[in-house]
Amino acid sequence: MYERLRRFLFRLEPERAHNLGSMAARAGQRLAHGLLEKRFQFESDRLRSEVLGLSFANPLGIAAGFDKNARLIRFWAALGCGFAEIGSVTAKKSRGNPKPRMFRLEEERAIINRMGLNNQGAARIARRIAAGHPAAIPLGVSLTKTHDPAIQGQDAIDDFTTSFSACAPFASFVVLNLSCPNTAEGRTFEDPNALDELLKYIMPIRSTMENPPPVLVKLSPPVADGVVLDSEVDEIVAVSIAHGINGFVASNTESGRDLLDVSDERLASIGAGGLSGPPLRSRSTELVRYLYETTGGELPIVGVGGVATGQDAYDKIRAGASLVQLYTALVYEGPAVFRSIKMELDELLERDGFASVSDAVGVGPAT
Ligand SMILES: Cc1cc2nc3c(=O)[nH]c(=O)nc-3n(C[C@H](O)[C@H](O)[C@H](O)COP(=O)(O)O)c2cc1C
């Protein structure tokens with residue numbers, strides 16, 4: 001059924017299609033929640049796990065960026081997502097970059113975006129998640145700095161702590177999106193010294209909270225295949241651990257274009273932006289594996305990048321991910337993608353003799 005809808009949506013400009021799809025999802029979560037549940041749910045005890053002190057009915061969630069303003073939380077639950085990550089949310093509301101800012105690369109089933117953190121701002125979004133608190137599924141809130149190059153230094157830290165204070169009380173977990181490549185000032189908080197400064201402010205606020213949520217750090221993908229990352233990642237990990245960070249999300253979109261077999265003209269017509277979808281898959285899995293090995297499997301990792309099948313999710317899990325997310329596959333495959341991935345993942349776990357998804361985390365590639 002999605003095939004026909006997709007043909008229609010793909011005739012539209014990508015952001016319009018996204019907005020239309022989101023509107024339909026909002027209507028669906030209000031009017032047809034039960035129907036959606038019936039159509040899309042798949043449960044298995046093998047997929048249940050405890051991660052970050054939270055219970056997950058399955059390890060598959062919607063990644064940050066699709067539901068920036070937290071309007072679709074009941075929809076994600078009805079689709080059978082094990083969790084949802086909303087945002088990224090910033091202290092001040094933002095319209096983001098000028099349009100067009102989202103592009104499909106249909107042959108690669110990929111997306112390039114430079115949305116630039118359009119969202120309604122922390123105060124408004126916090127009110128919305130507070131009204132629905134606690135959500136039906138674990139709710140991650142992605143936070144990042146307001147898209148405004150004039151906000152730098154201590155102001156940038158204050159900006160981040162403002163959104164943390166507003167949203168964290170209603171979050172099952174918080175993700176600090178350090179790596180958004182789509183802002184004029186670039187990857188500010190991925191600099192280990194800047195991250196150190198930021199966490200000096202964030203973590204003490206967290207420790208004064210009545211129910212402090214776990215805090216995770218989201219990273220960019222490695223810069224080249226096969227290289228496992230340089231000292232910058234090691235430093236980010238060391239700083240994060242020193243401040244008591246609870247886990248990592250790997251990875252954000254890729255700024256480079258070397259993963260693509262697309263004409264230079266086409267790429268030039270698109271311009272800057274983060275690449276997502278299958279071309280990113282192995283690089284982000286590599287980062288998952290690297291983080292798992294570096295941390296000795298002590299800190300949970302959320303694996304994201306190019307997941308479209310149960311096998312893709314399984315590969316991330318075997319590389320070290322306790323939870324898995326997707327965004328781009330939802331655009332190309334439609335809402336049934338969560339169910340089909342869960343079913344296939346369940347079969348793969350059973351085939352390989354795992355009683356629980358947690359037992360497969362970090363076991364390494366299948367031989
Ligand atoms: C249009 C779009 C907007 C995104 N916005 C955000 C965002 O606001 N915050 C964030 O942390 N990641 C954002 N992402 C990145 C995704 O969360 C994810 O890390 C990335 O797309 C790789 O996963 P995928 O290949 O399954 O799409 C965005 C991705 C896309 C395609």
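Counting starts at 1 for both ligands and their atoms, following the listed order.
Remark: the backbone N or O of Gly364 is paired with a side-chain donor or acceptor of Arg318 at under 3.5 angstrom.
Remark: ligand 1 atoms within the under-4.0 Å shell around heavy atoms of Lys68 are 5 (N), 7 (C), 8 (O). When each atom of ligand 1 is checked for a heavy atom of Leu326 under 4.0 Å away, the hits are 26 (O). Ligand-side atoms of ligand 1 in range of Thr253: 15 (C), 20 (C), 21 (O), range being under 4.0 angstrom from any heavy atom. Atoms of ligand 1 lying under 4.0 Å from any heavy atom of Val304, numbered from 1 in the order shown and given with element: 18 (C), 19 (O), 22 (C), 23 (O).
The distance between the ring centers of Phe40 and Trp76 does not fall below 6.0 angstrom. Ring-centre distance between His33 and Phe75: not below the 6.0 Å cut-off. Between Tyr332 and Tyr2, the distance from one ring center to the other does not fall under 6.0 angstrom. Phe189 has its ring centre less than 6.0 Å from the ring centre of Phe160.
One option in Pro279, Gly306, Ser88 has a heavy atom closer to atom 9 (N) of ligand 1 than any other, and that option is Ser88. Of the candidates Gly274, Ala64, Ala63, it is Ala64 that places a heavy atom closest to atom 14 (N) of ligand 1. Distances from atom 11 (O) of ligand 1 to the heavy atoms of Lys218, Glu254, Gln325 put Lys218 nearest.
Using a 4.0 Å cut-off between heavy atoms, Thr328 contacts ligand 1 through both its backbone and its side chain. At a heavy-atom cutoff of 4.0 Å, ligand 1 is contacted by both the backbone and the side chain of Asn252. No part of Arg281 comes within 4.0 Å of ligand 1, judged by heavy-atom distances. Contacts with ligand 1 closer than 4.0 Å are made by side-chain heavy atoms of Leu280 only, the backbone lying farther away.
Gly305 counts as a contact of ligand 1, since one of its heavy atoms falls under 4.0 Å from the ligand. At least one heavy atom of Ser251 sits closer than 4.0 Å to an atom of ligand 1.
Classification of Asp346 and Arg46 as a salt-bridged pair holds, one side-chain N sitting under 4.0 Å from a carboxylate O.
Looking only at atom types and distance, the side chain of Asp196 has a donor-acceptor partner in the side chain of His243 under 3.5 Å away. Judged by distance alone, the side chains of Asn193 and Glu197 never bring a donor and an acceptor atom under 3.5 Å apart.
Inclusion of Glu85 in the set of residues having an N or O under 3.5 Å from an N or O of ligand 1 is not warranted.
Scored by the ring-ring contact (aromatic ring centres under 6.0 Å, His included) test, Phe83 finds Phe56 as partners (sequence neighbours excluded).
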